[in-house]
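Please read all numbers here as calculations on a predicted model, not as lab measurements. Chain A is the first sequence line, chain B the second, and so forth, proteins listed ahead of strands; every chain is numbered from 1.
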Amino acid sequence: MEVRDLHEWPATAEEAEKIQDRLRPLLDLAGPGPAAPRTVAGLDVSYADGSDRLVAAAVVLDAATLDTVEESVVAGTATFPYVPGLFAFRELPTLIEALRGLTVTPDVLVCDGYGLAHPRRFGLACHLGVLTDLPTFGVAKTGFVGTYAPPGEDRGDASPLTDAGEVVGRVLRTRDGVKPVFVSAGHRIDLDTACRLTLGLCPGYRLPETTRRADHLSRQALRHT
DNA sequence: GCGACAG
DNA sequence: ATCTTGTCGC
């Protein structure tokens, strides 16, 4: 599939922040986004111990059956350090190549991390949304920005994630009695649709099948490399 | 000033 | 992210 080149890769945190500020206006937050997408892609990256080696994976699933439609894996190098708030610059280069390796264009992209729930409202899911112009959202495993009240214990229970007075995401329980996930919109989708899709992708585990399969694929490829 | 801090 | 064994529970 196609992924645009909208900027050079930054060498410093200052440059990276400027890029985020420059791209943020390109976000489409109108929604509602695809209520019943045919395909959904999951993205994830695995890292090697001591080296800078990493592997990015993109897995496309049939949204209705959750069958795997296509997989793409690419080995790369970490060229940017992990900095909270600039996390996208570490994984994006290789993730983009993995997406370009797909012959099909997914209807939605599910990212491992945050979208709008970000200090400058431009997390990984937003960044990927602008570069692909596809609907995107993020599902994170741990907290980052914002405060929230613990959601109810049942699958589907949720509570708003608030930061600086605005709702930037939702803390969603995907399994009864299991630690909730953090869902936030990225591009061309609203929070309700993102949460609805997330639940559909979580029939048996806390994390979406998209994320789980991309994780397994990238991890396995890292060994074989 | 002191933590906290997506992966 | 990654380093790591057993163990409690459905």
Side-chain angles (χ1 to χ4, degrees), chain A residues 9-10 13 16-17 19-20 23-24 42-59 73-96 98-99 109-130 136-148 153-155 161-164 168-187 191 194 198 202-208 210-223 225:
Chain A
W9 292 104
E17 290 186 15
I19 291 173
Q20 294 182 324
L23 298 185
R24 193 181 327 100
L43 306 167
D44 194 30
V45 176
S46 290
Y47 300 82
D49 308 5
S51 67
D52 282 358
R53 294 190 318 114
L54 57 78
V55 172
V59 178
V73 206
V74 171
T77 301
T79 59
F80 202 87
Y82 167 67
V83 179
L86 299 179
F87 166 60
F89 294 95
R90 185 172 175 73
E91 304 201 331
L92 228 31
T94 313
L95 233 27
I96 288 172
L99 283 173
L109 257 39
V110 182
C111 304
D112 193 26
Y114 286 92
L116 287 178
H118 175 278
R120 282 175 298 284
R121 304 290 179 268
F122 202 75
L124 174 64
C126 297
H127 205 138
L128 264 173
V130 167
T136 63
F137 65 92
V139 178
K141 300 179 286 297
T142 62
F144 181 32
V145 293
T147 57
Y148 61 94
E153 291 299 312
D154 297 339
R155 166 183 159 86
L161 178 61
T162 306
D163 185 46
V168 294
R170 195 173 292 167
V171 183
L172 176 68
R173 191 86 63 180
T174 54
R175 290 198 67 185
D176 292 355
V178 173
K179 187 182 196 291
V181 296
F182 301 75
V183 180
S184 55
H187 183 59
L191 194 50
T198 297
C202 298
Y205 296 91
R206 177 171 85 114
L207 298 180
T210 37
T211 300
R212 299 185 69 246
R213 257 172 253 182
D215 176 71
H216 293 162
L217 180 56
S218 63
R219 192 167 307 203
Q220 165 204 307
L222 190 57
R223 300 171 181 170
T225 301

Subject >> OH/A:Tyr82: more than 12 non-hydrogen atoms of other groups inside 6.0 Å >> reply: yes

Checking B:dA6, B:dG7, C:dT2 against the side chain of A:His118 (C-beta onward), the nearest is B:dA6

Atom CZ of A:Arg206 and atom C1' of C:dG9 are separated, to the nearest Å, by 18 Å

Here the distance between atom P of B:dC5 and atom CZ of A:Arg90, to the nearest Å, is 18 Å

Answer with base, sugar-phosphate or nothing: what part of the nucleic acid does A:Leu43 contact at a heavy-atom distance below 4.0 Å? nothing

Quick one: sort the A:Phe144 and A:Tyr114 rings into parallel, tilted or perpendicular, breaks at 30° and 60°.
tilted

Presence of A:Arg219 side-chain N/O under 4.0 Å of C:dT2 phosphate oxygens OP1/OP2: yes

To the nearest angstrom, the CG-P distance between A:Asp215 and B:dA6 comes to 17 Å

- Is the shortest side-chain N to carboxylate O distance from A:Asp163 to A:Arg121 below 4.0 Å? yes

A:Lys179 NZ to C:dG9 C1', in whole Å, measures 20 Å

- Query: Do we count A:Phe87 as stacking onto B:dA6 if the rule is ring centres under 5.5 Å and planes under 30°?
  - Reply: no

Checklist entry - Going by 5.5 Å between centroids and 30° between planes, is there a stack of A:Tyr47 over B:dG7? => result no

(message) Classify A:Gly138 by what it touches in the nucleic acid, base, sugar-phosphate, or nothing, heavy-atom distance under 4.0 Å.
(response) nothing

Anything under 30° is parallel, anything over 60° is perpendicular, the rest tilted; go ahead and classify A:His127 against A:Trp9.
-> parallel

Checklist entry - At under 4.0 Å, does any side-chain N or O of A:Thr142 touch on OP1 or OP2 of B:dC5? => result no

Practice prompt. Mind checking A:Leu124 for me? I need base, sugar-phosphate or nothing, with any heavy atom below 4.0 Å counting as a touch.
Written response: base

From CZ of A:Phe144 across to P of B:dC5 the rounded distance in Å is 10 Å

### Message
Using a 4.0 Å heavy-atom cut-off, does A:Arg175 contact any base of the nucleic acid, only the sugar-phosphate backbone, or nothing at all?
### Response
nothing

Whole-Å distance, A:Asp163 CG to B:dA4 P, equals 18 Å

*asked:* Quick check on B:dA6: is either OP1 or OP2 less than 4.0 Å from any side-chain nitrogen or oxygen of A:Lys141?
replied: no

A:Asp49 atom CG is separated from C:dA1 atom C1', nearest whole Å, by 10 Å

When you measure from the side chain of A:Lys179 to the backbone N and O of A:Lys141, does any donor-acceptor pair fall under 3.5 Å?
-> yes

Rounded to whole Å, CZ of A:Arg223 lies from P of C:dC3 at a distance of 10 Å

